[in-house]
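Here is the structure we will look at, set down as structure tokens.
Counting starts at 1 for both ligands and their atoms, following the listed order. From a predicted model like this one, the values you see are computed outputs, not experimental measurements.
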Amino acid sequence: MVSTIDLSQTSRRYLPPRQTSTVSPNQSLLPITAQVSSADHLMVGGCDVPELVKQFGSPLYILDEATLRATCRQYREALQRHYPGESLAIYASKAWNCLAVCAVVTQEALGIDVVSAGELYTAIEAGAAADQIYFHGNNKSLEELQYAVSVGCRIVVDNWHELRTLVTLLGTAAAPVPILLRLTPGIECHTHEYIQTGHLDSKFGFDPEQLEAVFDYVSQQSGLACIGLHAHIGSQIFETQPHADLGDVMVHWLQKATQYGLPIAELDVGGGLGIRYTEADDPPTIDAWVATVSQAIAQACEQRGVPLPRLICEPGRSLIGSACVTAYTVGSQKTVPDIRTYVAVDGGMSDNPRPITYQSVYRSLVANQMSSPLSETVTIAGKHCESGDVVIQSAALPALEAGDILVIAATGAYNYSMASNYNRVPRPAAVIVGDGEAYLIIRRETIQDLVRQDCLPAMLGKRVGSLNSDVDHAVSE
Ligand code: LLP
């Protein structure tokens, strides 16, 4: 009798449906191009994942161009479909800011949200137009504000200190600088407390009680043109109601601001739509999220008799999260009898700090054994000197051997951007894949790169040297 394998009990279970044109990428665990080759290997963007690892090394971030572009288009088209006024999706580049990603989203006609001079510089170098860049942050330095003004991007002013610094900096500038004001909307949503930002006890934005005084002050500044209001309520959110409520709150403040004569033409509702990291996650589609936000703003405007503002949204995670996988190579294993088996990979908390920071749960598959039965449950450990460096606590996998290629799904957002050199581990390379081609977008760090910023003062060099030479000296005397 021929034994048939139940493919739903193999790594294939995470593959997207064959017909991907209607898939909302944030609901797909793997990039929309993921397939299995005749060699039983995972393919992404038409590239064989184990081959990519051979060519570019391990660990490796693999970014699927088709998924990223499809997601950009879904946001753009959903806004056009559901919002009766002008709109713009801007990519919250904190999710993954690098030249190639900024270039793709710019080509897809999205704007870019940046939060530091570094992100701003990268966006500009990638070709983003300054008036499509929105500069956020609760403690921009004077140098960052000067830089933002000099490039002509939109500045999202967060607090009184920033507002006054900007006014002093601008003096009697010829043309008013376009700003938005960030408000704390007082909306709570269900997500990890570290990534909630819209509740009142938040470090971001002006409190509702301060807002009218802020409007009054800004209306008297000839150097500032307050063209919009901004709020962001949190990240990895699965409910749509908080964003519907946000629409109403923002239109309320838009109406108030116009009473102070402010030329508010934009409402920026932030980002926050969640993605699927495991089968248990059930985020709304991009279309449903955009529809909720659009209808909330349009309805509130109609009720209050306010002209429709330009609607801006700032997706980060849901724009890039599902477009990337991380490939690792399996190394050592350790079985603690009756407790667990640890399978160690060649990366961990330095390339993906989310499990240790937020207890985030990921799914894994074996790129060179896509049809092998998932026969064991193991803990995937990272390589760092920290017991908590665990990539996945409990992963169903086939029997693994050193050299197998383990893939973690949905690592596009807040992985590379939060990566570190903990334990002096070099950051991995990243490639973009599409139509069977792979291009390097981030070079792998070398151990020489790691000491590039280190300084060894001559005095220390001398001392190290002189210890030796003292010994030499003593011996030779
Ligand atoms: N706009 C603003 C002002 C933000 O602060 C954020 C995210 C976004 C947009 C994009 O939110 P998203 O669409 O990605 O949910 N490191 C955390 C996430 C921090 C989110 C910070 N702000 C994580 O790994 O889960």
Note: V115, heavy atoms under 4.0 Å from ligand 1, region reported as neither
Please work out which of the three classes, parallel, tilted or perpendicular, describes the rings of H384 and Y422, given edges at 30° and 60°. parallel
Please say whether M418 places an N or O atom under 3.5 Å from an N or O atom belonging to ligand 1. no
Under a 4.0 Å heavy-atom limit, does Y358 contact ligand 1 with its side chain, its backbone, both, or neither? side chain
Would you mind listing which atoms of ligand 1 come within a distance below 4.0 Å of any non-hydrogen atom of G271? 9 (C), 13 (O)
Could you list the atoms of ligand 1 found under 4.0 angstrom from a heavy atom of H230? 3 (C)
Test of understanding: with side-chain hydrogen bond (donor to acceptor under 3.5 Å, both in side chains), list the residues that count as partners of Q107, not counting sequence neighbours. R69
Do the side chain of T326 and the main chain of Y61 share a donor and acceptor less than 3.5 angstrom apart? no
Y414: which residues meet the side-chain hydrogen bond (donor to acceptor under 3.5 Å, both in side chains) condition with it, sequence neighbours left out? none
S235, A231, G137: member with heavy atom nearest to atom 12 (P) of ligand 1: S235
Which ligand 1 atoms, with their elements, are less than 4.0 angstrom from a heavy-atom of A92? 8 (C), 9 (C), 10 (C)
Below the 3.5 angstrom mark, is there an N/O of H136, backbone or side chain, next to an N/O of ligand 1? no
Heavy-atom pairs closer than 4.0 Å: do any link ligand 1 to the side chain of R354, the backbone, both, or neither? side chain
So does E386 have more than 12 non-hydrogen atoms from other groups sitting under 6.0 Å from CD? yes
I'd like to know whether D268 forms a side-chain contact (heavy atoms from CB on, under 4.5 Å) with I90, so could you lay out the CA-CA distance, the side-chain angles of the two residues, the decisive distance to 0.1 Å, and finally the verdict. CA-CA 9 Å; D268 178 346; I90 66 179; 4.1 Å; yes
Looking at V115, is its backbone amide N or carbonyl O close enough to the side chain of E119 to form a donor-acceptor pair, meaning the two atoms are under 3.5 Å apart? yes
4.0 Å heavy-atom contact, G272 with ligand 1: yes
Any donor-acceptor pair under 3.5 Å from S87 side chain to Y83 backbone: no
Checking the N or O distance criterion of under 3.5 Å, is ligand 1 in contact with R317? yes
Looking at H230 versus H136, is the centre-to-centre ring distance below 6.0 Å? yes
Report yes or no: does a heavy atom of P315 sit under 4.0 Å from some atom of ligand 1? yes
Suppose I only count heavy atoms of R182 and a 4.0 Å limit; which atoms of ligand 1 are within that range? 3 (C)
